[in-house]
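Take a look at the structure below.
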Amino acid sequence: MTVGFLGLGVMGQPMALNLARAGTPLIVWSRTAGRCAPVAAAGATVAGSAAEAVAAADVVLVMLSGPPAIDEVLATVPDLRNKIIVPMGTTAPGYSTALGERIRAAGGRHVEAPVSGSRQPAETGQLVAMLAGEDADIATVRPLLAPLCRETVRCGAVPRGLLMKLAVNVFLISTVTGLAETVHFAEQHNLDLDVLAAVLNAGQMASAISRVKVAKLLAGDFEVQASIRDVLYNNLLITEAARTAGIASPLIDICEALYAETAALGHADQDMAAVIRAVQARTSAA
């Protein structure tokens, strides 16, 4: 079975590399052509267009930057007969539902597979995918994701995969924001930040994400794994879904304000740990 892969950005490129290195018959396309070279070197075929990649594939994994990019690309591929289209990024649940209807109208099938994890888990094949769609289609897609994912979890019908991803992101975003405030609090009290890291990393709250982000915060290393821009976009999706359902979202509302402030300070393309800049700015203004 040939897999197509559309979009080789921060997450997409390492994901496609893992597929190629696992020996998956793979054809890739990216709007930034230079990003295809490492994947081609690992054994993938490079398509001249998205339409060419889709035409050659049985299952098409989509890791484009968002709905406008997805719409633009799929508009060039009107015939999706015998294709399973698998968006793996995060979009609004309502958009995903409408996208599935368009895919089916073009003769294709649709499986949601948003992933939890940033660039590092993408590089090491440790993502977690939340699958939604028809059981038969999920059964086809699931084994293809093994080189990318530590776990693949069935979530039901579309858009329950994306709703699950948004629920998970409430925890992720509030956790990293809390860590940033923790480091700022300790710093302002002149505590030894290495001791702080040792305590956090030894305690019951420690996790893979907390260890990575604490190290970045202490080093002032904001090289992007998940950018402020992308986290703010995800945060907005969560608050939109909460408002639509009439759900209170007090923590994520505060996070939204902080990530928006961080972006306004000029850090939109830095890692989400840079949210500490907004916390620091609030302290300076107090």
Side-chain angles (χ1 to χ4, degrees), residues 3-22 24 26 28 30 35 39 57 59-67 69-70 73 84-93 95-97 99-100 103 110-133 137-173 175-176 207-209 212-213 224-227 229-238 241 271-272:
V3 174
F5 201 106
L6 308 181
L8 302 177
V10 170
M11 294 283 288
Q13 189 188 66
M15 291 165 69
L17 277 168
N18 283 334
L19 286 168
R21 289 166 178 161
T24 304
L26 184 66
V28 300
S30 177
R35 300 195 66 83
V39 189
V59 173
V60 182
L61 308 182
V62 180
M63 204 63 182
L64 295 166
S65 58
I70 295 170
V73 168
I84 303 178
I85 309 301
V86 187
M88 301 189 73
T90 307
T91 63
Y95 171 81
S96 181
T97 299
L99 177 64
I103 290 169
H110 175 223
V111 171
E112 286 181 343
V115 292
S116 180
S118 58
R119 183 175 179 88
Q120 186 177 47
E123 290 173 340
T124 57
Q126 294 295 301
L127 298 169
V128 177
M130 289 149 275
L131 306 180
D137 296 333
I138 290 175
T140 299
V141 169
R142 198 173 194 177
L144 300 175
L145 302 183
L148 311 178
C149 299
R150 177 169 51 83
E151 297 284 348
T152 55
V153 182
R154 290 180 182 239
C155 297
V158 172
R160 298 185 72 81
L162 277 162
L163 285 168
M164 187 66 72
K165 173 66 189 296
L166 297 184
V168 169
N169 277 357
V170 172
F171 185 42
L172 168 66
I173 295 169
T175 296
V176 175
S207 65
I209 189 70
V212 167
K213 297 306 183 186
V224 68
Q225 294 176 332
S227 73
R229 187 190 314 279
D230 287 343
V231 172
L232 178 57
Y233 167 70
N234 277 263
N235 203 319
L236 290 166
L237 291 179
I238 296 166
D271 187 74
M272 67 185 297

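What you are looking at is a predicted structure, and each value in this text was computed from that prediction instead of being measured.
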Nearest heavy-atom contact between Val3 and Ala57 is C-CB, 4.0 Å

Please tabulate, one pair per line, all N/O donor-acceptor pairs under 3.5 Å involving side-chain atoms of residues 154-171, not counting sequence neighbours.
from	atom 1	to	atom 2	distance (Å)
Arg154	NH1	Asp135	OD1	3.3
Lys165	NZ	Thr90	OG1	2.6
Lys165	NZ	Val115	O	3.0
Asn169	ND2	Asn234	OD1	2.9

With sequence neighbours excluded, what pairs up with Asp271 under the side-chain hydrogen bond (donor to acceptor under 3.5 Å, both in side chains) test? Lys213

Walk me through whether Thr91 and Ile70 qualify under side chain to side chain contact (heavy atoms under 4.5 Å, CB included). CA-CA 10 Å; Thr91 63; Ile70 295 170; 4.3 Å; yes

dist Ile173:CD1 -> Asn235:CG (nearest 0.5 Å) comes out at 4.5 Å

So, using side chain to side chain contact (heavy atoms under 4.5 Å, CB included) as the criterion, who are the partners of Thr124 when residues are at least two apart? Gln126

Arg142: partners by salt bridge (Lys or Arg N to Asp or Glu O under 4.0 Å), with sequence neighbours left out: none

From Leu148 atom CG to Thr24 atom OG1, the distance as rounded to the nearest 0.5 Å: 8.0 Å

Those residues at least two apart in sequence (or on a different chain) that pass side chain to side chain contact (heavy atoms under 4.5 Å, CB included) with Asp230 are Ser227

If you measure from CE on Met272 to CZ on Arg229, what distance do you get to the nearest 0.5 Å? 15.0 Å

Residue set satisfying side-chain hydrogen bond (donor to acceptor under 3.5 Å, both in side chains) with Ser118, at least two apart, ordered chain then number -> none

What one should report as the nearest heavy-atom pair of Val10 and Arg35 is N-NH2, 4.3 Å

Return the CE to CE distance between Met63 and Met11, rounded to the nearest 0.5 Å. 4.5 Å

Can you pull the salt bridge (Lys or Arg N to Asp or Glu O under 4.0 Å) pairs that have at least one residue in residues 110-119, sequence neighbours excluded? Arg119-Glu123

Work out which heavy atom in Tyr233 is nearest to a heavy atom in Pro67; give both atom names and the distance. OH-CD, 3.4 Å

Got a donor-acceptor contact below 3.5 angstrom from the Asp137 side chain to the His110 backbone? no

Listed partners of Val128 passing side chain to side chain contact (heavy atoms under 4.5 Å, CB included), at least two apart: Ser116, Arg150, Glu151, Val153

Start with the C-alpha gap between Gln13 and Ser30, add the side-chain angles, then the distance that decides, and say whether side chain to side chain contact (heavy atoms under 4.5 Å, CB included) holds. CA-CA 9 Å; Gln13 189 188 66; Ser30 177; over 6 Å; no

Taking all non-hydrogen atoms of both residues into account, name the closest pair between Ala113 and Val86 and its distance. CB-CG1, 3.6 Å

Test side chain to side chain contact (heavy atoms under 4.5 Å, CB included) on Val39 and Phe5; report intermediate values, then the result. CA-CA 11 Å; Val39 189; Phe5 201 106; over 6 Å; no

Given Leu145 and Met88, is the side chain to side chain contact (heavy atoms under 4.5 Å, CB included) satisfied, shown in steps? CA-CA 11 Å; Leu145 302 183; Met88 301 189 73; 4.0 Å; yes

Interatomic distance, CE@Met15 vs CG@Leu61, rounded to 0.5 Å, equals 7.0 Å

Between Asn18 and Ala122, what is the shortest heavy-atom contact and its length? ND2-O, 2.8 Å

Ser65 versus Ala69, closest heavy-atom pair with distance: OG-CB, 3.6 Å

